[in-house]
Amino acid sequence: MPELRHSVCALDCPDACGLLVQVEDGRGTKLRGNPAHPVTRGFLCAKVTKYLDREYAPGRLLYPQKRVGAKGEGKFTRISWDEVLDTIAERLQRVAQEWGPEAVLPYSYAGSMGLLNANGMDRRFFHRIGASRLDRTICASAGSAGLMATQGFRMGVAPEDFVHSRLIIAWGANVLTTNVHLWPFIVEARRAGAKFIVIDPHRNRTAAAADEHLFIHPGSDKALALGLLHVIFRDGLEDADYLSRYATGADELRELAGEYTPERVAEWTGIPAERVETLAREYANTRPAVIRLNYGVQRNPNGGTAVQTIAMLPVVTGAWRERGGGMQLSTSQAFGLDRASLEMPGLQKKSALGREARIVNMSQLGHALTELDSPPVKAMVVYCSNPAAVAPDQGRVQKGMAREDLFTVVLEQFQNDTADYADILLPSTTFLEHTDLYTAYGHYYLQLARPALPAPGECKSNVEVFKLLARRMGLDDSCLYESEDEMIRTLLGSGHPYLAGITLERLEEEHHVRLTLPDPFLPFAEGGFGGPEGRAQLGTAGLAYVPPPESRLGAERSVYPLELISPKAHDAMNSTFGYQDGLDAETAVAWLHAEDAAARGIGNGDAVRLFNDRGEVRATAAVDAKTAPGVVAVPAVRWPRRSANRAGLNTLISDRLTDLGGGATFYSCLIQVERCAD
Ligand SMILES: Nc1nc2c(c(=O)[nH]1)N[C@H]1C(S)=C(S)[C@@H](COP(=O)(O)OP(=O)(O)OC[C@H]3O[C@@H](n4cnc5c(=O)[nH]c(N)nc54)[C@H](O)[C@@H]3O)O[C@H]1N2
Ligand SMILES: Nc1nc2c(c(=O)[nH]1)N[C@H]1C(S)=C(S)[C@@H](COP(=O)(O)OP(=O)(O)OC[C@H]3O[C@@H](n4cnc5c(=O)[nH]c(N)nc54)[C@H](O)[C@@H]3O)O[C@H]1N2
Ligand code: SF4
Ligand SMILES: [Mo]
């Protein structure tokens with residue numbers, strides 16, 4: 001008899017879907033969405049519908065291995081867990097003795113969003129040995145910092161409340177591809193008369209399905225936001241009562257916005273001055289109005305302050321007062337879990353280092369591996385991330401990972417580029433095979449998943465691996481041996497009011513539990529922001545607009561005239577599905593505007609090279625009107641090992657950081673494109 005088991009999709013997606021796995025004789029035979037989940041409502045995205053293919057793919061890593069070929073070559077031989085644990089423990093101890101514990105660098109991101117496996121036992125282990133700390137900036141840190149600067153909290157309009165909106169703006173947010181469970185709520189709102197506008201440099205699926213798509217030049221969103229504020233203040237459309245009660249700095253903002261006339265804003269953004277005028281009035285006069293902002297706007301040097309400025313819009317118009325009004329970038333902070341007790345930063349003081357360890361920015365890994373000193377990175381442990389494919393300045397990342405004196409351990413499910421550089425390669429369980437607790441960044445349900453399927457071969461979870469390593473290294477702190485359930489209880493024990501009544505037992509029974517939020521949840525209807533007296537911060541330090549150096553109007557515009565963006569591929573999840581041959585049809589394609597293609601003699605389907613001073617990448621040209629002239633879009637991100645010169649897209653992209661939050665600037669890159677022979 002087939003049995004149905006519950007699970008949760010752990011991929012790095014705002015939706016965190018509730019799943020049902022059909023299991024027969026210990027094998028998963030069907031995967032579908034849990035219809036009882038109030039937000040994800042029983043359907044799955046295209047990529048995860050087929051996740052069982054990944055679960056049982058022939059390329060799945062099943063046994064511990066050690067490298068026998070050159071670094072990067074991908075030649076390995078199977079060894080026992082006993083031998084790998086001894087090798088890793090001995091090497092990490094030796095590195096710590098010779099170079100100090102900070103010579104060890106953990107490298108991870110959100111391959112799994114599970115709190116225990118990606119933010120739990122790993123953190124305790126590395127804190128305890130005194131390893132360098134990793135600043136996890138590769139995705140969202142600029143936007144988070146911008147949001148915090150204005151709102152003081154990372155939360156916003158609940159997805160279910162979008163149905164009440166009458167104007168919905170998707171701003172750098174490809175909802176149909178990266179947040180598909182918001183879509184039905186948008187559809188419902190539109191049926192009731194809402195207008196749906198997309199602001200994006202790329203005519204993606206969402207833009208094509210909108211009432212209106214405004215092409216905007218990459219990295220100019222802050223200018224647009226200031227232009228909208230210009231018109232709103234000039235025409236007296238602000239909510240003066242809301243501002244006086246719940247914000248500080250409104251006068252300062254009014255003054256700065258005064259300089260951003262629609263004409264100037266049109267130059268920077270490419271959006272006609274007249275449309276800037278009408279959009280401002282439409283936004284301020286339609287109630288309720290909501291902005292779905294996503295992380296696309298913040299992957300450029302202005303990214304932090306762009307989000308900071310956009311977040312001022314619903315404060316200035318008082319849109320937060322109404323159900324279905326306000327903004328959503330992330331809901332993550334509402335969960336109020338006790339993350340400090342999970343991660344235990346205090347353990348650093350117990351390490352040989354005796355103090356907090358240095359911080360290394362993950363978006364500058366190439367620099368860290370090739371230039372960082374006192375001490376240099378001598379050992380790196382990678383899990384839940386594929387830096388050799390996803391990190392910027394890939395040439396330098398590859399050079400660093402190829403260092404003979406660097407000891408690299410990789411915990412992985414597939415033989416990707418990062419695995420190719422490992423000295424020791426460990427087989428990891430998937431989210432269907434281990435216990436974890438999940439928050440979400442696009443809704444307000446907390447979820448528990450127990451293993452739905454048995455771990456194949458000798459795969460182990462990250463939690464288990466770090467426990468085993470701690471044991472081998474003779475660490476005797478009991479927190480390094482806690483059970484998963486103990487860690488979950490710790491997380492739930494913060495005493496935060498939104499967690500009231502939520503226990504492990506309840507999660508076990510109900511699988512998904514809504515946070516204990518007021519109903520309806522209007523987070524900032526009456527202030528409640530993070531600033532003094534619960535006020536939003538509208539101060540303008542650093543808000544003046546300057547085009548990104550590497551952009552059409554930037555200081556570094558020289559021989560490379562085209563702006564490259566690499567938004568998310570529809571059928572991919574960053575590099576997670578990169579082993580699939582079929583994915584090349586999407587990620588090895590460069591979308592060019594017809595004018596740019598014609599000027600270079602490039603036709604649809606031609607082989608092209610994309611290049612700048614940092615390197616060269618091959619792709620197939622797709623000529624269309626999906627971008628504005630001057631902008632090239634290549635969906636992210638193909639495995640470098642699948643291309644002849646082993647250069648992935650991130651070869652072209654610099655490791656420059658954002659203005660706030662130290663984030664990566666993937667969507668700020670100048671290139672040239674040329675036709676090539678084949
Ligand atoms: N199918 C799929 N889903 C995913 C992922 C995936 O790889 N594939 N990745 C997941 C991850 S890690 C994340 S962080 C989220 C991200 O989710 P999103 O932020 O929605 O995704 P992005 O594609 O990074 O960016 C969204 C849009 O911003 C646009 N954009 C680029 N530069 C600018 C700009 O300067 N201004 C404006 N206004 N728009 C700009 C892009 O063209 C893109 O259409 O998606 C998650 N979901
Ligand atoms: N050019 C360009 N580059 C980008 C982006 C872009 O838009 N354009 N997007 C950036 C963004 S937003 C992000 S978030 C990063 C994402 O970059 P990463 O965080 O590296 O994400 P993935 O590429 O999905 O790789 C995650 C890896 O984790 C592994 N994994 C999954 N679950 C587990 C587990 O439980 N244990 C272990 N040990 N491993 C596991 C998977 O097999 C997979 O190989 O990429 C960034 N890079
Ligand atoms: S990737 Fe997102 S939409 Fe797809 S199943 Fe996972 S959580 Fe749901
Ligand atoms: Mo991300």
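Whatever order the structure lists ligands and atoms in, that order sets their numbers, starting from 1.
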Can you tell me which residue and heavy atom of the protein come closest to [atom], and the distance to 0.1 Å?
atom                    : value
atom 23 (O) of ligand 2 : Ser575 OG, 2.5 Å
atom 8 (N) of ligand 2  : Ser566 OG, 3.1 Å
atom 35 (O) of ligand 2 : His434 CE1, 3.5 Å
atom 43 (C) of ligand 1 : Asp200 OD2, 3.3 Å
atom 24 (O) of ligand 2 : Thr576 OG1, 2.4 Å
atom 15 (C) of ligand 2 : Ile138 CG2, 3.9 Å
atom 26 (C) of ligand 1 : Gly172 O, 3.2 Å
atom 21 (O) of ligand 2 : Asn574 CB, 3.9 Å
atom 45 (O) of ligand 2 : Val390 CB, 3.4 Å

Quick one: look at [X] and ligand 1, take heavy-atom pairs under 4.0 Å, and tell me if it's side chain, backbone, both or neither.
X      : answer
Ile216 : side chain
His570 : backbone
Thr177 : both
Ala569 : backbone
Asp221 : side chain
Ala572 : backbone

Side chain, backbone, both or neither: which part of [X] comes within less than 4.0 Å of ligand 2 when only heavy atoms are counted?
X      : value
Asn462 : side chain
Thr418 : neither
Arg299 : side chain

More than 12 non-hydrogen atoms from neighbouring residues, nucleotides or ligands closer than 6.0 Å to CD on Glu267, yes or no? no
Can you confirm whether Arg205 is buried at CZ, in the sense that more than 12 heavy atoms of other residues, nucleotides or ligands lie under 6.0 Å from that atom? no
Option whose closest heavy atom lies nearest to atom 44 (O) of ligand 2, chosen from Gln413, Lys568, Glu412: Glu412
Closest by any non-hydrogen atom to atom 46 (C) of ligand 2: pick that one out of Phe666, Tyr109, Tyr579, Phe414. Phe666
Give a yes/no verdict on whether any heavy atom in Met362 is under 4.0 Å from an atom of ligand 2. no
Could you establish whether Val637 and ligand 2 come within less than 4.0 Å of each other, counting only heavy atoms on the residue side? no
Ligand-side contact atoms (ligand 1) for residue partner Ile565, heavy atom cut-off under 4.0 Å: 42 (O)
Tyr383, any N or O under 3.5 Å of ligand 2 N or O: no
Within a distance under 4.0 Å of any heavy atom of Thr429, pick out the atoms of ligand 2 and give their elements. 34 (C), 35 (O)
Spatial distance of atom CD1 (Ile199) from atom CH2 (Trp171) [nearest 0.5 Å]: 4.5 Å
